[in-house]
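The block underneath contains the structure these notes are about, expressed in structure tokens.
Just so you know, ligand 1 is whichever comes first in the structure, and atom 1 is the first atom listed for that ligand. Note that the coordinates shown come from a computational prediction; the quantities given were computed from them, not determined experimentally.
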Amino acid sequence: MQSLVICRARGVLLRSLNFNFNHKFICRHSNSESISKKTAQQSLKMENRPQKQRQQKSITNDSSITSNPNFNKIQQVIHSSDSSASDGWEKCWQLGLTPWDLGQPTPVMVHLHRAGALPKGRALVPGCGSGHDVVAIACPERYVVGLDISDEAIKKAIELSSSLPNADYFTFLKEDFFTWRPTELFDLIFDYTFFCAIEPDMRSAWACQMRDRLKPDGELITLMFPISDHVGGPPYKVSVADYEEFLNPIGFKAVSIVDNELAIAPRKGIEKLGRWKKLISQSLLRM
Ligand SMILES: C[S@@+](CC[C@H](N)C(=O)[O-])C[C@H]1O[C@@H](n2cnc3c(N)ncnc32)[C@H](O)[C@@H]1O
């Protein structure tokens, strides 16, 4: 059983290496977090149910059960007793153990940017990796900060982007998201494969950082992945309920949670786009 779930988890990462996608984006707003159990080849339909009946079901694509040695290697490197998590991430980058990296911006973010559906002002991408999303949404109306704890990741991000025409509108910083204290707040924070990368016992700190780094009317966008039932990590499995558990009590409210119809093919059905706002009353309570 144990090896079965690990294989499933490996499948999630292996599938993330497949960049083929050609999906029409249909933005469907829904209050429901209920997910039908289907394979990743099927699109998931959000069900409208009363709040009390909401339930996050686990999803796994059994046909994806295949082995990806990189998955085990990442876990070993991150959890290696002679290194901290930050050393572990550094080693992953040095070894080229980065199967999460799409090698391109996240399609749904490109879509939202082009549609003018992202907040302008200042944006932050914590755990930005090689920075494709930072570059993709940077423009004269939006200055984007890409943050990563790995020197190697930041070097790569800078290398890939410094000569781009919009280079004046983004920057990359080597910082630990949990201890970083910027002087300016953000209008938008985008999290993709950062929540699933951190240790689950850091999720509360993650939520507090999101709250403290955002302007009072700022928006948090979470691309929730992998919604699966595998054991261990990183990447750790996530569910909508996991995000709600940490974000709701500190004053975030989900404005929309939808299936990511623009997910790359291997991630389709196990990825949801969440848009969260801080409730003013909760912010005032903290003052
Ligand atoms: C799974 S990768 C995701 C990278 C990128 N978001 C993507 O989708 O390609 C997680 C990233 O978070 C970074 N990271 C881990 N802990 C961090 C921390 N405490 N502060 C900042 N970055 C961190 C790692 O170095 C790694 O690049």
Side-chain angles (χ1 to χ4, degrees), residues 9 12-19 68 70-71 73-75 77-79 83-110 123-137 144-161 170-182 189-210 212-213 220-226 228 232-238 260 262-264 266-267 270-271 273:
V12 167
L13 265 181
L14 184 68
R15 283 177 288 136
S16 78
L17 290 167
N18 180 348
F19 305 156
N68 180 351
N70 283 341
F71 183 77
K73 274 195 216 158
I74 290 171
Q75 294 196 349
V77 172
I78 300 287
H79 295 138
S83 67
S84 65
S86 70
D87 291 341
W89 287 108
E90 191 64 58
K91 273 188 204 156
C92 284
W93 280 101
Q94 285 167 356
L95 294 170
L97 263 179
T98 57
W100 58 78
D101 194 326
L102 300 186
Q104 63 176 31
T106 307
V108 71
M109 287 307 276
V110 175
L124 172 68
V125 183
C128 66
S130 51
H132 299 291
D133 292 327
V134 172
V135 171
I137 63 170
V144 191
V145 177
L147 203 80
D148 204 285
I149 204 164
S150 158
D151 246 329
E152 199 63 31
I154 293 298
K155 264 190 225 157
K156 184 170 181 193
I158 293 172
E159 225 173 80
L160 288 172
S161 64
F170 59 81
T171 192
F172 290 104
L173 301 175
K174 191 247 168 209
E175 294 282 352
D176 182 339
F177 176 63
F178 296 101
T179 54
W180 183 53
R181 299 288 177 266
I189 303 182
F190 174 55
D191 182 305
Y192 190 28
T193 63
F194 182 55
F195 184 84
C196 71
I198 59 171
E199 294 302 309
D201 64 5
M202 293 300 285
R203 288 178 176 180
S204 174
W206 171 92
C208 291
Q209 281 295 107
M210 293 300 179
D212 295 344
R213 303 283 78 87
L220 169 64
I221 298 184
T222 57
L223 202 42
M224 300 178 264
F225 168 86
S228 76
Y236 293 96
K237 67 178 178 180
V238 306
N260 180 15
L262 280 185
I264 61 163
R267 296 185 186 183
I270 51 172
E271 188 165 282
L273 182 75

key: Exam field: side chain Ser150 to backbone Glu152, donor-acceptor pair closer than 3.5 Å   = yes
key: Pro182 versus Arg213, closest heavy-atom pair with distance   = CD-NE, 3.4 Å
Residues in the immediate environment of ligand 1 (any heavy atom closer than 4.0 angstrom) = Trp89, Trp93, Trp100, Gly127, Cys128, Gly129, Asp148, Ile149, Ser150, Glu175, Asp176, Phe177, Phe178, Tyr192, Thr193, Phe194, Ala197
query = Any idea how His79 and Tyr236 line up, ring-wise: parallel (<30°), tilted (30 to 60°), or perpendicular (>60°)?
reply = tilted
inquiry  = For the backbone of Glu271 and the side chain of Asn260, can you confirm whether one donor and one acceptor N or O come within less than 3.5 Å of each other?
reply    = no
ask   = Are the side chain of Thr106 and the backbone N or O of Met109 linked by a donor-acceptor pair below 3.5 Å?
value = no
message = If you compare all heavy atoms of Ile149 against all heavy atoms of Ser86, which two are closest, and at what distance to 0.1 Å?
response = CD1-CB, 3.4 Å
